[in-house]
Amino acid sequence: MKIVQFSVLRPIAMSMVIFFLIILGSVSVKNMSIDLFPELTFPTAVVTATYDGASPTEVENLLAQPIEGAMGTIPNIEKVSSVSQNGGALVLVQFNWGTDMDFATLKMREQIDAVRDVLPDGVQTPKVLRFNPSDLPIMQLAITDTKGNIENAKEVAEKEVKTAVDRLDGIASTSIEGGPEREVQLIANPQKLLSYGITLKNLQEIIGSENIDLPGGNVEDHQETLPIRITGKFDSLNDLEMLPIPTKKGTVLLNDLIEIEQKEQRENGLSYLNGKDAVGLSILKQSGTNTVQVAKNIHNEIEKLKEELPSNIKIQTIFDQSMFINQSISAVSSNMIVGSLLAAFVLFLFLRNFRSTMIISLAIPLSIMTTFIFMYFSNQTLNLLTLGGLALGVGMMVDNAIVILENIYRLRQEGEGKKDAAIKGTNQVGQAIIASTLTSVVVFLPIIFVDGLAAQLFKPLALVVSYSQFAALFTALIIVPLLSSLILKLKENEKKSVFDKFNNRYKALLSASLKHPKKTVGVVIVLFLLSFAGVPFIGTEFLPSQDQSYLSIEAELPPGSTVEKTYRKVKEINEKIRPVEEIANTYITIGGSSSFSMGGRNSNNEANYSVLLTDIGNRSRTDLEIAEDIRQKLKNTPNANITVSSGTSGFSANPISLKISGPNLETLRSLSDQTINLISKVDGVREPKANYEEGNPEVSISINRDKAAQYGIGSASVAQAVSDATKGLVATKLSGNAGEELNVRLLIDEKYISSTEELENLTIQTQGGTSIPLKAVSSISRDTGPSQITRSDRVREITVNADILNRDLGTITKDIEKTLKENLPLPNDQYKVTFGGQNEQMNDAFYKLSLSLALAVVLVYMVMAAQFESFFHPFLIMFSVPLTFIGIILGLLITNEPLGVGSLVGILILTGIVVNNAIVLIDYLKQLREEGYDAKSAILLAGPTRLRPIMMTALTSVLGLLPLMFGIGEGTEIQRPMAIVIIFGLTVSTFITLIFIPTVYYMFEQRRIKKKEKTG
């Protein structure tokens, strides 16, 4: 190879190439973004549509069904589902993975335009929104006032903190929650308004038309064209109070007509930090920006603010994604360094030569730097999976260098000169190491054809492992021959080492195996078959849970509960969880708008906890164990439905998700209740809960259309009058003292709408100008309103979700399937129960990765066949692949690790690297046969000769992965299964391969000779 000759004969030029790679790699790593996971593009979009006042059934029929029908005609649709609630519908559209979402959302908007005329009058144009994981906050802050002045804290949050954060680079948006929301309230006495012959709607129009600041054209004055501006804006509350209002009794000042107050809104969410009033600030970053850098900028800005703000204002971080990212990246990087040192230690033990160890060890940092160059120019980020891929590749990076150096050293011992040995030794094994590198990389080619979440996550890992192998091949071909020709020295009077004794024993064992080849092969086959006995004891999972030192608690009180009642329950919960020592901070939000706010629904009966735990290194329990402890403490809390969950990655579905579908909603509810009761008895299932909600208590106003028609009014007029009275009307905005814009809201005095009896007397103006009480055209009663209606692929559906604890997903799923099959009778074929959630994701990933694994085996064979120009030798080498199954099963059983997506990716990697040992052995065996050795002599010479490089490459790969297998530090859970599979699979297969492959080769050769003798 010319690159080898260039490296040896032009050392200065090659040293410049090496320095160039180091410099370029350093610049690349400095400019790469740092994130928790690779940038994910979810093929999901939603359509939101509002229809004020409509019930869930009306929303389903008038909004959800037409929109679902329109969405179903778009190409690449996988699933269409909808949620219909009071006042609005949300239609979720899931596309096939790999769909161009920009084009897909454009088609969605076109389809909405096509059905716009079919939707009822009063429905605003539906909106299309894309789901993006970057829409989740990267940081949440809590602002408090030690003096207890929450109004002051809210003002600081709005004027100082939010303003400072918004101007930073990489910030997409910030939102404030909690604290009082001030407004100007115009509180009216309906009887007084009636006496003046004026309504709330009249007042809204008058006030809105008076508070203006508009252009009025231009005027010529002294040969100048001057713009005219008509100013009539209210400069103060006094301007509003002195506003003249024309009535049937003459002009009256607004202050004399109604009561004007500046106060808080009637309904607003509350938030608390460790039991004290607080204001929350959620921060979202722009897509594609560096999470760690953005968070660092935020922290720097907050530190500056703390110096400028009064000492009574405290700003505390309650959630920071960058903290877990930094800890995880640091842990993976540390494990990578430890793995490199362990690999170097193994080299020194085998070589007993500092210079030889240094030559090979230098290949690791150079390979890593070269890998960073590939990563930068392919737009990869530094995240758990890409760095995990680099950590997986560290042990394998020295494999090629070991094989080259060992061969060069052997030639030097045989009397070759430095430069000749470097060039010849590298060229002799060049074909073998190129073949082994290609087999290590080609296994990832099938992942290109895999879609889904697993592919989105592991494609970057596959790329980085491939980059690291190509980088390691390139650096091995230049740095090992270069340094060997310059600094490698032979040891004089070499003593027999422990390895020499091991080599002799191996040679004796190999010789015995060749004497009894059938027994040797039989023993290996028995071991292989016995390993299948361990399969039933291995569970399955999708992705391992990650301890992010974060928990969430949701407490839901009976529908209709007030904010005050919810707050009393929160204080009760706080007392129960106070003994949990691992809790660092608790941030609580109560009430306010729900995530599904299109129908004007609030969540006053709900409280949400964000629980920040102490660092994982400062506690003995995992987040799952702490969550279970809290769950047990809260399980007997009366009049509250409480769920506790640990922090997740943000993209994984519920572990257990049962979809119950059928036509009748009441039947579905009955089935879901039975399902919850049944699966709650399954060991490991925690907090099963259906996604339907009990109906809210409500006041039902039934309009008598005949009577209403006699007065010349319709249902819409009645609904508008009631809505204006209870919710109020925003007439305009008024500039406050601090420059903020305050809503001016017209309201009916609460005492006139505080009961159904008072509501009956609410006056409604007729078209003739007269006023009548509400009870004249309707009947009022207390009732329970409908909840929500969920549909999936145009069929009604209720989903039962649950968490799991201390058992694997696959085993629990099997138990649930068995329980439901035996104890849940379905009314007819129209009703079905199917598994979704992580089980669906897991089965999909397992199926696709299994196909990729099968294709990878074929590709590995094809690469070796092309390299060896033989069908026989690659076929022989492929016998080492199934032998990995023995080690894989053994490793999963010993570590009690379930088989998951990470394990399958590990098996995929293992398929590519496990054949490398056999390639090195068979390649040399082939060379010896070409030189005239008989089969047995060639085997007994090739085996011991290649034993040292094979053992060295295997051990460096294994020891390089040991830190990942032990899961030291944060964020290593996702790489641990891969490391376990590779370590145990490679270890067992290496020892078996050293005996089994030569024995099988010998058996084939003996059979070929006998066949030749018979035919000859």
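The distance from the CG atom of L257 to the OG1 atom of T251 is 11.5 Å, given to the nearest 0.5 Å. One distance of note links CG of L186 with CD of E241; it measures 10.0 Å at 0.5 Å rounding. Between the OG atom in S173 and the CD1 atom in I283 there is a gap of 9.5 Å [rounded to 0.5 Å]. In this structure, I67 CD1 and R116 CZ are separated by 9.5 Å, a value rounded to the nearest 0.5 Å. Rounding to the nearest 0.5 Å gives a distance of 10.0 Å between OG1 of T790 and CG of L90. Interatomic distance, I258 CD1 to Y196 OH, rounded to the nearest 0.5 Å: 12.0 Å.
For S282, the side chain to side chain contact (heavy atoms under 4.5 Å, CB included) criterion is met by P137, Q140, S175, not counting sequence neighbours. For N202, the side-chain hydrogen bond (donor to acceptor under 3.5 Å, both in side chains) criterion is met by T199, not counting sequence neighbours. For E575, the salt bridge (charged side-chain N to carboxylate O under 4.0 Å, His left out) criterion is met by R578, not counting sequence neighbours. Residues meeting the side-chain hydrogen bond (donor to acceptor under 3.5 Å, both in side chains) test with N189, sequence neighbours left out: Y752. Not a single side chain to side chain contact (heavy atoms under 4.5 Å, CB included) links D113 to another residue, sequence neighbours left out. A search for side chain to side chain contact (heavy atoms under 4.5 Å, CB included) contacts involving S82 returns A64, E68, V91, R791, not counting sequence neighbours. Partners of T144 under the side-chain hydrogen bond (donor to acceptor under 3.5 Å, both in side chains) rule, at least two apart in sequence or in another chain, do not exist in this structure. Among residues two or more places apart in sequence or in another chain, the salt bridge (charged side-chain N to carboxylate O under 4.0 Å, His left out) test is passed with K306 by E303. Under the ring-ring contact (aromatic ring centres under 6.0 Å, His included) criterion, Y272 pairs with Y567, sequence neighbours left out. Taking the salt bridge (charged side-chain N to carboxylate O under 4.0 Å, His left out) definition, one finds that E666 meets it with R669, sequence neighbours left out. N152 meets the side-chain hydrogen bond (donor to acceptor under 3.5 Å, both in side chains) test with D145; sequence neighbours excluded.
At a threshold of 4.5 Å between non-hydrogen side-chain atoms, the residues K569 and P638 count as touching. Side-chain contact between L240 and I207 is present, with at least one heavy-atom pair separated by less than 4.5 Å. No side-chain heavy atom of L63 sits under 4.5 Å from any side-chain heavy atom of P126. The side-chain heavy atoms of V156 and L305, taken from C-beta on, include no pair separated by under 4.5 Å. Between I315 and L309 the shortest side-chain heavy-atom distance falls below 4.5 Å. Proximity of K154 to I176: side-chain heavy atoms (C-beta onward) are separated by under 4.5 Å at one or more points. For the pair V161 and I302, the minimum side-chain heavy-atom distance is below 4.5 Å. With a 4.5 Å cut-off on side-chain heavy atoms, N574 and Y609 count as touching.
Counting non-hydrogen atoms of neighbouring residues, nucleotides and ligands closer than 6.0 angstrom, the NZ atom of K565 reaches no more than 12 such neighbours. Under a cut-off of 6.0 angstrom, the local environment of CD in E261 is crowded, with over 12 non-hydrogen atoms contributed by other residues, nucleotides or ligands.
Contact between P227 and N218 at its shortest, heavy atoms only, is CA-OD1, 3.3 Å. The shortest heavy-atom contact between L253 and M242 is CD2-O, 3.3 Å. Of all heavy-atom pairs spanning V59 and Q85, the tightest one is CG2-O, 3.4 Å. Shortest non-hydrogen contact noted between P246 and I198 is O-CD1, 4.2 Å. Annotation for T732 and G208: closest pair CB-CA, 4.5 Å, computed over non-hydrogen atoms. The two residues M108 and V93 have their closest heavy-atom pair at CE-CG2, 3.8 Å.
Side-chain atoms of D749 do not come within 3.5 Å of backbone N or O of I187 as any donor-acceptor pair. Using modelled atom types, no side-chain atom of Y587 and backbone atom of F319 make a donor-acceptor pair closer than 3.5 Å. In this structure, the side chain of S778 does not engage the main chain of K775 through any donor-acceptor pair within 3.5 Å.
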| query | Going through the checks in order, is the side chain to side chain contact (heavy atoms under 4.5 Å, CB included) test met by E554 and E606? | reply | CA-CA 7 Å; E554 295 180 7; E606 297 176 7; over 6 Å; no
Hey, mind stepping through T57 and L665 against side chain to side chain contact (heavy atoms under 4.5 Å, CB included) and telling me if it holds?
CA-CA 11 Å; T57 304; L665 195 57; over 6 Å; no
Which atom pairs, donor and acceptor, lie under 3.5 Å between side-chain atoms of residues 163-171 and protein residues at least two apart or in another chain?
unit_1 : atom_1 : unit_2 : atom_2 : d
T163   : OG1    : E158   : O      : 3.4
T163   : OG1    : K159   : O      : 3.0
D166   : OD1    : T174   : OG1    : 2.7
D166   : OD2    : K162   : NZ     : 3.0
D166   : OD2    : T174   : OG1    : 3.4
R167   : NH2    : E301   : OE2    : 3.2

